[in-house]
K.L.:
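I'd like to ask some things about the structure below.
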Amino acid sequence: MKKVTKAIFPVAGLGTRFLPATKSIPKEIMTLVDRPLIQYAIDEARAAGIKEFIFVTSRGKGALEDYFDHSPVLEQELRKKGKDKLLEVLKTTNMDSGAIAYIRQHKALGLGHAVWCARRLLDPKEPFAVILPDDVIAAEKPCLQQMVEAYEELGATGSMVASMEVPADKVSAYGVLDVKDDMGSTVSVKGMVEKPAPGTEPSNLAVIGRYILDPAVMKNLNQMKSGAGGEIQLTDAIADEIGTERGVYGYRFAGQRFDCGSKAGFLQATISFGLSREDLRDELQEYLDELSAVRAAAQ
Ligand code: G1P
């Protein structure tokens with residue numbers, strides 16, 4: 001059975017929605033509680049068995065490289081002070097030598113183009129994963145791991161995208177699936193469209209930023225087809241696989257997804273992750289209760 005061991009993390013975006021913060025820090029370094037967005041993505045990939053991590057970056061993303069590097073001065077200082085717990089925390093940010101690669105997307109031509117930039121770092125016969133770090137998913141079993149298991153159940157062939165039902169007024173912001181057979185968590189797909197015009201959506205089952213892709217998708221990207229918004233869309237290259245013997249599947253994951261590409265989603269994730277932390281839960285809950293009492297009194 002073919003194993004998914006490589007993952008691409010497209011992190012080249014300018015993050016303009018978070019200006020001015022993103023003027024000097026990559027969006028992916030912004031923190032939910034005390035861990036950068038990218039750390040959540042990496043932890044999820046590791047849990048799913050990913051061994052090689054490919055970052056598609058752009059100018060100004062150097063902080064990401066530093067983040068995953070050893071920091072001898074900091075480590076020495078913590079060791080000297082006996083701060084073993086913090087040393088353990090730091091270990092989660094280290095990568096084995098050669099396990100992480102950075103490649104630049106020189107022009108912002110779309111998500112499909114970003115993924116295509118990593119083509120030479122992949123095995124042309126193996127499926128690979130793509131993780132969009134903006135989509136943070138809180139789940140008992142990490143989302144990509146759920147997908148890897150479902151993908152193996154299908155015989156480890158074809159392409160699979162994470163999906164969830166979204167409200168009707170939001171669906172045109174996503175890639176959207178046209179379902180052929182609904183098998184519960186897994187669905188087979190007969191159509192897929194990126195950011196459909198309102199009223200033309202085939203369903204409200206949206207693509208969320210986790211993918212397991214057949215290498216044929218990379219070949220499809222070679223065509224450099226211009227799609228929604230004039231960009232080279234990953235959705236289109238996956239849709240080209242529909243009707244082939246490999247096929248395309250959606251996977252309704254179990255878990256809560258936060259859209260950390262939006263300010264409201266980022267704040268919701270911050271509160272939710274704060275409340276799930278033993279060291280913060282009580283104080284934060286107390287504050288939230290106080291806040292709602294004050295608001296109720298004011299109404
Ligand atoms: C991207 C994908 C889209 C997907 C979404 C999930 O869109 O192109 O198909 O539904 O991520 O977050 P973006 O959010 O970059 O516009």
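Order of listing sets the numbers, starting from 1, for every ligand and every atom in it. Everything numeric in this text was worked out from a predicted model, so none of it was measured. FYI, the numbering just counts along the sequence from 1.
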K.L.:
Find the distance between CE (M30) and OG1 (T270) and round it off to the nearest 0.5 Å.
P.N.:
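Between M30 CE and T270 OG1, I get 8.0 Å after rounding to 0.5 Å.
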K.L.:
Are the aromatic rings of F53 and F68 close, with centres under 6.0 Å apart?
P.N.:
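Not under 6.0 Å, so no.
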K.L.:
Please could you name the atoms of ligand 1 that R257 approaches to less than 4.0 Å, counting only its heavy atoms?
P.N.:
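Once the distances to R257 are compared, the set is 12 (O).
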K.L.:
At a non-hydrogen distance cut-off of under 4.0 Å, which region of R210 contacts ligand 1 (side chain, backbone, both, or neither)?
P.N.:
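Neither part.
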K.L.:
Taking only heavy atoms of Y174 into account, list the atoms of ligand 1 that are under 4.0 Å away from them.
P.N.:
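Listed by number with element: 10 (O).
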K.L.:
Quick one: do E201 and Y174 satisfy side-chain hydrogen bond (donor to acceptor under 3.5 Å, both in side chains)? Show the steps, please.
P.N.:
CA-CA 10 Å; E201 311 83 3; Y174 293 89; over 6 Å; no
K.L.:
Which bit of V207 is near ligand 1, meaning a heavy atom under 4.0 Å away: side chain, backbone, both or neither?
P.N.:
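It is both parts that get close, each with some atom under 4.0 Å.
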K.L.:
So which protein heavy atom does atom 12 (O) of ligand 1 come closest to, and at what separation?
P.N.:
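Looking only at protein heavy atoms, the one closest to atom 12 (O) of ligand 1 is D135 OD2, 2.8 Å.
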K.L.:
Taking the side chain from K61 and the backbone from V11, do they hold a donor-acceptor pair closer than 3.5 Å?
P.N.:
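A pair under 3.5 Å: yes.
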K.L.:
Answer yes when K91 and E88 have at least one side-chain N-carboxylate O distance shorter than 4.0 Å, and no when they do not.
P.N.:
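Looking at E88 together with K91, the answer is yes, because their closest N to O distance falls below 4.0 Å.
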K.L.:
Can a protein heavy atom be found under 4.0 Å away from atom 8 (O) of ligand 1?
P.N.:
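At least one protein heavy atom is under 4.0 Å away.
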K.L.:
One thing to verify: whether E165 and R252 come together as a salt bridge, which I'm taking to mean a side-chain N less than 4.0 angstrom from a carboxylate O.
P.N.:
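Counted as a salt bridge, because a side-chain N and a carboxylate O are separated by less than 4.0 Å.
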K.L.:
Heavy atoms of the protein only: does one fall short of 4.0 Å from atom 15 (O) of ligand 1?
P.N.:
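No, because not a single protein heavy atom sits under 4.0 Å from atom 15 (O) of ligand 1.
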K.L.:
In terms of residue, atom name and distance, what is the protein heavy atom nearest to atom 13 (P) of ligand 1?
P.N.:
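Of the protein heavy atoms, K195 NZ, 3.6 Å lies nearest.
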K.L.:
Please indicate whether any nitrogen or oxygen in G175 is less than 3.5 Å from any nitrogen or oxygen in ligand 1.
P.N.:
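Yes; the residue has a nitrogen or oxygen that sits under 3.5 Å from a nitrogen or oxygen of the ligand.
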K.L.:
Side chain or backbone, does E194 bring an N or O within less than 3.5 Å of an N or O on ligand 1?
P.N.:
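The answer is yes, given that E194 and ligand 1 share an N or O pair closer than 3.5 Å.
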K.L.:
What residue among L213, I54, D214 forms side-chain contact (heavy atoms from CB on, under 4.5 Å) with F128?
P.N.:
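The residue from L213, I54, D214 that satisfies side-chain contact (heavy atoms from CB on, under 4.5 Å) with F128 turns out to be L213.
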K.L.:
Side chain or backbone of L132 under 4.0 Å from ligand 1, or both, or neither, by non-hydrogen atoms?
P.N.:
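Looking at L132 and ligand 1, just side chain atoms fall under 4.0 Å.
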K.L.:
Can a non-hydrogen atom of T235 be found less than 4.0 Å from any atom of ligand 1?
P.N.:
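Heavy atoms of T235 do come under 4.0 Å of ligand 1.
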K.L.:
Between D134 and K27, does any NZ, NE, NH1 or NH2 come within less than 4.0 Å of an OD or OE carboxylate oxygen?
P.N.:
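Answer for the salt bridge query: yes.
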